[in-house]
Amino acid sequence: MHLTKLVSVLKAFDEPTIKDFKEFVHCEYFKVPVSAVRLFDYLEKQYPVFRESRLNPDVIAGKVKELGAAGKQAKAGTELLKAIDNYIAMNDCRENEWNNAMHRLNGFKKLHLFEQFTKEHVRLQEELEEQTEQNVDAFFYKHQFTEIYFSGFDGKLDRTKHNDLMPVLKTLDEYYAIKKLRYLCEALNRKQVLGIDYSGDHIQRLLDILKPYDNEKYPYVHIFVNVFKMLSAESYEDSQYPYLLIKKIAADYDKENLPTAISESVNYALNRCLFWSNQGVEEAGQEYLWWIDFKMRWGILLQNGKLTPITFRNVVASAALYGKRADWMRQFIRVYSQNLPDEDRDTNVSFALGLYFYCMKDYGGAIRYFLNAQAKEEVVFNAIIRRWQWMATYEANPEETDLLMNQLLAFEKYMQRNKDDFHYYKPVFTAFISYAKKLLSSLLKSELAATLEALNIEPHFSGKKWLFEQFTLQIQKSRNPGERAFL
């Protein structure tokens, strides 16, 4: 399509941005070439649809006399893209008041307007100290404002003992400490979620530097010190105190807009709950759903109007496992399926509806939807679908041992074909298949009891609780030690 790159950028603009950019393009100060202005005026009329027929070079040439040939249109498009680059940069700068203040202070210094500099410098430092959030940016600009005070021509003129660089070094240490702690939280989070190796050094030094700020007066530091403690805890119990502190701050917040400290910490709390839920802590799974409700209540579940497929299915699977009402699940699927990427919608909705019907004990309906959910490029997701499908098949027809065994054998072959894609998830599915086979093949109560005892001491894996319930049920049905269990 003609002018493809330009059109793709304009599509990314919302309506207020298009209007603001129009003012930018038409402002003589920014010196946008006339041909680019005319091209924008034409394209603005097509926004937001941009039909291909109206972007034909001959059509544009007939509508805009300055753009009578495809070559002229292409050149105007290049100039308009340059104008867009400048607009985006200017807009980003315009939105950052503290960055503008730094440029203003630098300007005063370069012009040797030291009185204006000092007055503005004092005002800005007072504003920073009064800032409610005291986030990473606040520590950064405290350092920047301290550094600029001691640098430049006027700094060289001060030859007294008051020209002490320790404030510069102190604010640099503090900024570095909160910045690095913030990255360490992300590194720990990625280790839990993705299995990426994590190694932290000099942690205690960072915490010592930040200790004066680990209180409610500095909420950002206070929250993220506890995020770090929560994520680095080696047991669920050790992670509870910092977790509950973070949850209380979030739950008690009652103003109009969430502060950065809370909005940035929510996903860490969510992933902490998922991590321990995957270790078999049911309470953590229920807490995960609390945070999902929190995000929905505050309107922060979506990112730019989209929901990631992994979040969508994590929510529905957690709802199925931890007792959310079926009508809640159905409503969540109905509302948020619209926000999935188009290419992922059908598979994820089918999987979610399979879980919904499973919870409704309509196992036939669940099986149909699980069969429809085929994630060709996602091996682990496909394995999750297979596990739920097998459980639904067993619940529907536990006596169909041949069918159920064949499904398990096919599951094993699928894992063998895709062994490189399973990574550290392989033991999870291997354990499920192994015990599922024993569920089908154990004939005696004594065999079932021995398997149940072995299962009980296994590390947690997905499906373990369900298998435990099925073995227990089979033992209850088998009245005599030598009696064949009902299958």
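Keep in mind the model is a prediction, meaning the values are calculated, not measured.
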- For residues E44 and F21, determine if any side-chain heavy atom of one lies less than 4.5 Å from a side-chain heavy atom of the other. no

- Message: Does either side chain, that of T311 or that of T308, offer a donor lying less than 3.5 Å from an acceptor on the other one?
- Response: yes

- Query: Got a second to check how far K22's NZ is from K19's NZ, nearest 0.5 Å?
  - Reply: 9.5 Å

- Under the 3.5 angstrom rule, does the side chain of N271 hit a backbone N or O of N267 as a donor-acceptor pair? yes

- Please report the closest heavy-atom contact between L321 and W388, naming both atoms and the distance. CD2-CH2, 4.0 Å

- Between the main-chain N or O of V168 and the side-chain N or O of E147, is there a donor-acceptor pair closer than 3.5 Å? no

- Item | Side chains of L55 and T4 in contact at under 4.5 Å (non-hydrogen atoms) | no

- Message: Parallel, tilted or perpendicular, judged at 30° and 60°: which one describes the rings of F224 and Y268?
- Response: perpendicular

- Query: Where does the angle between the aromatic ring planes of Y213 and F139 fall among parallel (under 30°), tilted (30 to 60°) and perpendicular (over 60°)?
  - Reply: perpendicular

- Message: Testing the 3.5 Å rule here: is there a donor-acceptor pair between the side chains of H222 and D214?
- Response: yes

- Would you find more than 12 non-hydrogen atoms of other residues, nucleotides or ligands less than 6.0 Å from E234 atom CD? no

- Heavy-atom distance under 4.5 Å between the side chains of L39 and V64, does that happen here? no

- Tell me, do Q279 and Y236 make a side-chain contact under 4.5 Å, heavy atoms counted? no

- Does a side-chain heavy-atom distance below 4.5 Å link Q131 with N135? yes

- Query: Can K109 and Q116 be counted as having a side-chain donor-acceptor contact under 3.5 angstrom?
  - Reply: no

- Message: Has N278 got a side-chain atom pairing as donor or acceptor with L274's backbone, closer than 3.5 angstrom?
- Response: yes

- Item | Where P57 and A70 come nearest, the two heavy atoms and their spacing | CB-CB, 3.9 Å

- Message: Just checking K465: does its NZ atom have more than 12 heavy atoms from other residues, nucleotides or ligands closer to it than 6.0 angstrom?
- Response: no

- Message: Please determine whether the number of non-hydrogen atoms from other residues, nucleotides or ligands lying under 6.0 Å from atom CD of E377 exceeds 12.
- Response: no

- Message: Quick check for you: to the nearest 0.5 Å, what is the distance between H143 atom NE2 and L172 atom CG?
- Response: 4.5 Å

- Message: Over 60° means perpendicular and under 30° means parallel, so tell me whether F50 and Y47 are parallel, tilted or perpendicular.
- Response: perpendicular

- Message: Assess the residue pair F332 and F312 against the criterion (ring pair (Phe, Tyr, Trp, His ring centres under 6.0 Å)); give the C-alpha distance rounded to whole Å, side-chain angles, the decisive distance to 0.1 Å, and a yes or no.
- Response: CA-CA 9 Å; F332 180 88; F312 179 79; 5.8 Å; yes

- If you look at every heavy atom in P459 and K464, which pair is closest and at what distance? O-CD, 4.1 Å

- Item | Test: E127 and R123 ion pair at under 4.0 Å | yes

- Quick one: are the ring centres of F422 and F429 less than 6.0 Å apart? yes

- Looking only at atom types and distance, does a side-chain atom of Y42 sit under 3.5 Å from a main-chain N or O of Q46, one as donor and one as acceptor? no

- Query: Between the main-chain N or O of P212 and the side-chain N or O of N215, is there a donor-acceptor pair closer than 3.5 Å?
  - Reply: yes

- Message: Could you tell me if Q204 and D208 have a donor-acceptor pair between their side chains, going purely by distance under 3.5 Å?
- Response: yes

- Task: Taking all non-hydrogen atoms of both residues into account, name the closest pair between W276 and S239 and its distance.
- Result: NE1-OG, 3.9 Å

- Does atom CZ of F13 have more than 12 heavy-atom neighbours, drawn from other residues, nucleotides or ligands, at distances under 6.0 Å? yes

- Has the side chain of Q134 got a donor or acceptor atom that lies under 3.5 Å from a matching backbone atom of L128? yes

- Message: Under a plain distance cut-off of 3.5 Å, with no hydrogens placed, do E133 and T260 share a side-chain donor-acceptor pair?
- Response: yes

- From CA spacing to verdict: salt bridge (charged side-chain N to carboxylate O under 4.0 Å, His left out), K324, D293: CA-CA 11 Å; K324 275 285 189 184; D293 282 329; 2.9 Å; yes

- Examine distances only and state if a side-chain atom of T347 and a backbone atom of A373 form a donor-acceptor pair shorter than 3.5 Å. no

- Could you go step by step and tell me if E174 and K170 meet the salt bridge (charged side-chain N to carboxylate O under 4.0 Å, His left out) rule? CA-CA 6 Å; E174 291 167 349; K170 178 177 181 293; 2.5 Å; yes

- Task: Ignoring hydrogens and angles, state whether a donor on the side chain of S337 or R345 is under 3.5 Å from an acceptor on the partner side chain.
- Result: no

- For Y183, does the OH atom sit with more than 12 other heavy atoms under 6.0 Å from it, leaving out its own atoms? no

- Going by heavy atoms in the side chains, are K247 and W291 under 4.5 Å from each other? yes

- When you look at V25 and F30, which way does the side chain to side chain contact (heavy atoms under 4.5 Å, CB included) test go after all the steps? CA-CA 7 Å; V25 166; F30 298 111; over 6 Å; no

- Heavy-atom side-chain contact between F351 and V316 under 4.5 Å: no

- Query: Will you find, in the side chains of T17 and D20, an N or O donor that is under 3.5 Å from an N or O acceptor?
  - Reply: no

- Query: Where the side chain of R313 meets the backbone of N348, is there a donor-acceptor pair that is under 3.5 Å apart?
  - Reply: no

- Query: Any chance OH of Y220 has more than 12 other-residue heavy atoms, nucleotides or ligands included, within less than 6.0 Å?
  - Reply: yes

- Please test L207 against L181 for side chain to side chain contact (heavy atoms under 4.5 Å, CB included), starting from the C-alpha separation and ending with a verdict. CA-CA 8 Å; L207 296 176; L181 183 73; 4.3 Å; yes

- Task: Could you please spell out the steps behind the salt bridge (charged side-chain N to carboxylate O under 4.0 Å, His left out) verdict for E287 and R272?
- Result: CA-CA 10 Å; E287 288 292 300; R272 173 262 187 187; 5.8 Å; no

- Task: Assess whether salt bridge (charged side-chain N to carboxylate O under 4.0 Å, His left out) is satisfied between E186 and R190, documenting all intermediate values.
- Result: CA-CA 6 Å; E186 181 62 21; R190 294 186 186 197; 2.7 Å; yes

- Note on the structure: Between N339 and G305 the two heavy atoms that sit nearest each other are ND2-O, 3.0 Å

- Item | Contacts of H121 that satisfy ring pair (Phe, Tyr, Trp, His ring centres under 6.0 Å) - sequence neighbours left out | F117, Y149

- Message: A side-chain contact here means heavy atoms from C-beta on lying under 4.5 Å apart; do R38 and K65 qualify?
- Response: no

